[in-house]
Number of protein chains: 2
Amino acid sequence: MTSSETSKKSGDSATKTRTGEAKPLGARARARAEVTAAIKDEARRQLADEGAAKLSLRAVARELGMVSSALYRYFPSRDDLLTALIVDAYDSLGAAAETAHARAVRAEAKPRERWVAVCRAVREWALAHPHEYALIYGSPVPGYTAPQTTVGPASRVGLLLITIVREAVQGPGVHVPRMDEALRDEAERLAADLAPDLPPAVVAALVAAWSQLFGLVSFEVFGQFNRIVEDRPVFFEHAVSQLALGVGLMDD
Amino acid sequence: MTSSETSKKSGDSATKTRTGEAKPLGARARARAEVTAAIKDEARRQLADEGAAKLSLRAVARELGMVSSALYRYFPSRDDLLTALIVDAYDSLGAAAETAHARAVRAEAKPRERWVAVCRAVREWALAHPHEYALIYGSPVPGYTAPQTTVGPASRVGLLLITIVREAVQGPGVHVPRMDEALRDEAERLAADLAPDLPPAVVAALVAAWSQLFGLVSFEVFGQFNRIVEDRPVFFEHAVSQLALGVGLMDD
DNA sequence: GCAAAGCAAGAGCAGTGCTCTCTTTTCAGA
DNA sequence: TCTGAAAAGAGAGCACTGCTCTTGCTTTGC
């Protein structure tokens, strides 16, 4: 079954040689990409079914009709598979947030509405993919080593929030929040690193709001709101709307 | 303290004679309590070393010089051991927070200072016990079933925050935050469940702040602030101080 | 004193991550 | 076009895991 598939893949790739385009990505590389994707898909399926703890390389291989040792040609360890899923999850969440933002921009929504739209997208993605969410915002699963590959995708939501505030500054303006004297140095450092064009107090509030957004989402996804908060969407929207106020996004 | 709790599963409530007098807990029950505690201690040690994913019943038994099957007399499964550790972690965190609160009260600190003191205690406990923190506020580890035993200890920090605000109401008073019309029903439900004597808008803000506090702590403990926030204590204190403002705790 | 319950030990089952060897398939350079 | 290297799959095997079952031994309550 697997052998027939592989041979089929290599067979239809022969048609491609005719075009001879710049980087035709040979049949072998093509097959490798497909198998890699299939492994990740199946792993994601098991992840959604049972959670990261129960994800088993052998079970993935079994389901794909290959022997477990073959899988190690694609991912050198279970943790590497998990890392790949983590990167994909960050990308998926980031894309969802960016799509929501783009839609809000297209609808000419006010800054605060854009903020809420992005937060809502984060929440809905998390509820739709709870185990993937747990992978990236829950306890660090492997022996705790966040590879460098994750830092880019991981920051997409944060960058989006910065963008919203930045555009608000150029528009109707933001109300710069009050800030303790003790925070000055740290706030200036944060602003220099993340958004030199924004007031330090705003950047500091932004970072705090960023983590607090995921506090709200995590509590809902991880069940901490069970038997406490009933109307979760309304509660969430109100909370993130207050968060927007905290970073200085006014109504107009 | 937890000895009566731990024995509830095996149902050794034979200690209650018809007199109902508290029995001095025979040698066997005593040994059982000691072994149970030793198992949990060793498990906690391994938890701190390697994290929940690597916690192994066999390794715990090996370290204690007993055979793995013997351990099942005390905990019917690995998940039950984890559940016991979860309950203990909630209790430990709750105790740390309550101690900090009591100290602040004794020092006649103002409500907002009490709030900050409790938040600081939560953060410091989490940084001191990252893996135990991950157990209770990270991804749900087992097949996701939070037993009823956990709800009591789990709410200690939340109750403490409510207490602080309640006492502030009786003192210099709180500034009731603005609230959307859409949130009214939910806020009233929350207030009825959690603190009927407080304004619904305050209770809703309280629940949000509660989750946001753990968002801040989780981001720090789980490494999301790495290479972003440098002066973590100052940043944290400022953020939770703003949180206190959000629930209406004024300076005086 | 005795039956019942509690407990430790050991064997064993099914499953896991991972490594090693061996064979087959594919691809690129002479 | 042929050939040798690289890539891939198959299978056996190691050390480990959670968990169950059976076998003896000890403590306990009547």
Side-chain angles (χ1 to χ4, degrees), chain A residues 1-14 16-17 20 23-36 38-39 43 46 50-83 141-143, chain B residues 6-7 9-19 23-36 38-39 43 46 50-83 141-143:
Chain A
M1 168 209 229
T2 312
S3 51
S4 66
E5 278 181 19
T6 22
S7 56
K8 171 180 66 182
K9 278 168 204 157
S10 54
D12 69 15
S13 73
K16 199 150 204 162
T17 52
K23 219 37 165 202
L25 175 74
R28 186 155 222 164
R30 187 169 201 80
R32 184 173 228 292
E34 273 177 32
V35 174
T36 304
I39 291 172
Q46 295 196 10
E50 304 264 26
K54 304 262 169 126
L55 203 174
S56 145
L57 273 191
R58 287 183 116 112
V60 170
R62 203 181 307 130
E63 210 68 22
L64 261 50
M66 59 201 310
V67 87
S68 76
S69 59
L71 217 149
Y72 284 82
R73 302 267 174 202
Y74 298 87
F75 296 94
S77 83
R78 199 193 98 116
D79 283 1
D80 287 85
L81 214 199
L82 272 180
T83 301
V141 187
Chain B
T6 36
S7 58
K9 206 133 203 166
S10 51
D12 77 328
S13 47
T15 60
K16 58 161 159 241
T17 53
R18 58 207 200 102
T19 69
K23 257 203 64 184
L25 172 72
R28 186 157 218 161
R30 189 168 203 82
R32 186 184 173 81
E34 270 175 35
V35 174
T36 304
I39 291 172
Q46 295 197 9
E50 303 263 28
K54 304 262 170 126
L55 203 175
S56 145
L57 273 190
R58 287 182 115 111
V60 170
R62 203 181 306 131
E63 210 67 23
L64 261 51
M66 61 201 310
V67 86
S68 75
S69 59
L71 217 148
Y72 284 82
R73 300 268 167 197
Y74 298 88
F75 297 95
S77 82
R78 198 194 99 116
D79 283 0
D80 287 85
L81 213 198
L82 273 180
T83 301
V141 187

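Chain A is the first sequence line, chain B the second, and so forth, proteins listed ahead of strands; every chain is numbered from 1.
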Apply the side-chain contact (heavy atoms from CB on, under 4.5 Å) test between B:L71 and each candidate in B:L64, B:I39, B:V35; give the one that qualifies.
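For B:L71, the side-chain contact (heavy atoms from CB on, under 4.5 Å) check succeeds only for B:I39.
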Would you mind reading off the distance between [X] atom [atom1] and [N] atom [atom2], rounded to a whole angstrom?
X: A:E34; N: D:dG9; atom1: CD; atom2: P; result: 12 Å
X: B:I39; N: C:dC7; atom1: CD1; atom2: P; result: 11 Å
X: B:R58; N: C:dG12; atom1: CZ; atom2: P; result: 13 Å
X: B:L57; N: C:dA9; atom1: CG; atom2: P; result: 16 Å
X: A:M66; N: D:dA7; atom1: CE; atom2: P; result: 16 Å
X: A:R78; N: C:dT16; atom1: CZ; atom2: C1'; result: 9 Å
X: A:R73; N: C:dT26; atom1: CZ; atom2: C1'; result: 14 Å
X: B:R30; N: D:dT27; atom1: CZ; atom2: P; result: 16 Å

Kindly determine whether A:T83 and A:F75 satisfy side-chain contact (heavy atoms from CB on, under 4.5 Å), including the steps that lead there.
CA-CA 10 Å; A:T83 301; A:F75 296 94; over 6 Å; no
Candidates [options] - which lies nearest the side chain of [X]:
X: A:Y74; options: D:dA10, D:dA8, D:dT17; answer: D:dA8
X: B:Y72; options: D:dG18, D:dA10, C:dC7; answer: D:dG18
X: B:S56; options: D:dG18, D:dG9, D:dC21; answer: D:dG18
X: B:R32; options: C:dT16, C:dC7, C:dA9; answer: C:dC7

If you look at every heavy atom in A:A70 and A:Y74, which pair is closest and at what distance?
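In terms of heavy atoms, the two residues are closest at O-CD1, 3.6 Å.
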Heavy-atom pair with the smallest gap, counting every atom of B:A61 and B:S68:
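Reported closest heavy-atom pair: CB-CA, 3.7 Å.
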Which is true for [X] with a 4.0 Å heavy-atom rule: it touches a base, it touches only sugar-phosphate, or it touches nothing?
X: A:F75; value: nothing
X: A:S77; value: sugar-phosphate
X: A:L55; value: sugar-phosphate

Can a donor-acceptor pair be found, under 3.5 Å and without considering hydrogens, that links the side chain of B:R78 to the backbone of B:L55?
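Indeed, once roles are kept as given, a pair shorter than 3.5 Å links the two residues.
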Using a cut-off of strictly less than 4.0 Å, decide whether A:R62 has a side-chain nitrogen or oxygen near OP1 or OP2 of D:dA10.
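So the side-chain polar atoms of A:R62 never come under 4.0 Å of the phosphate oxygens OP1 or OP2 of D:dA10.
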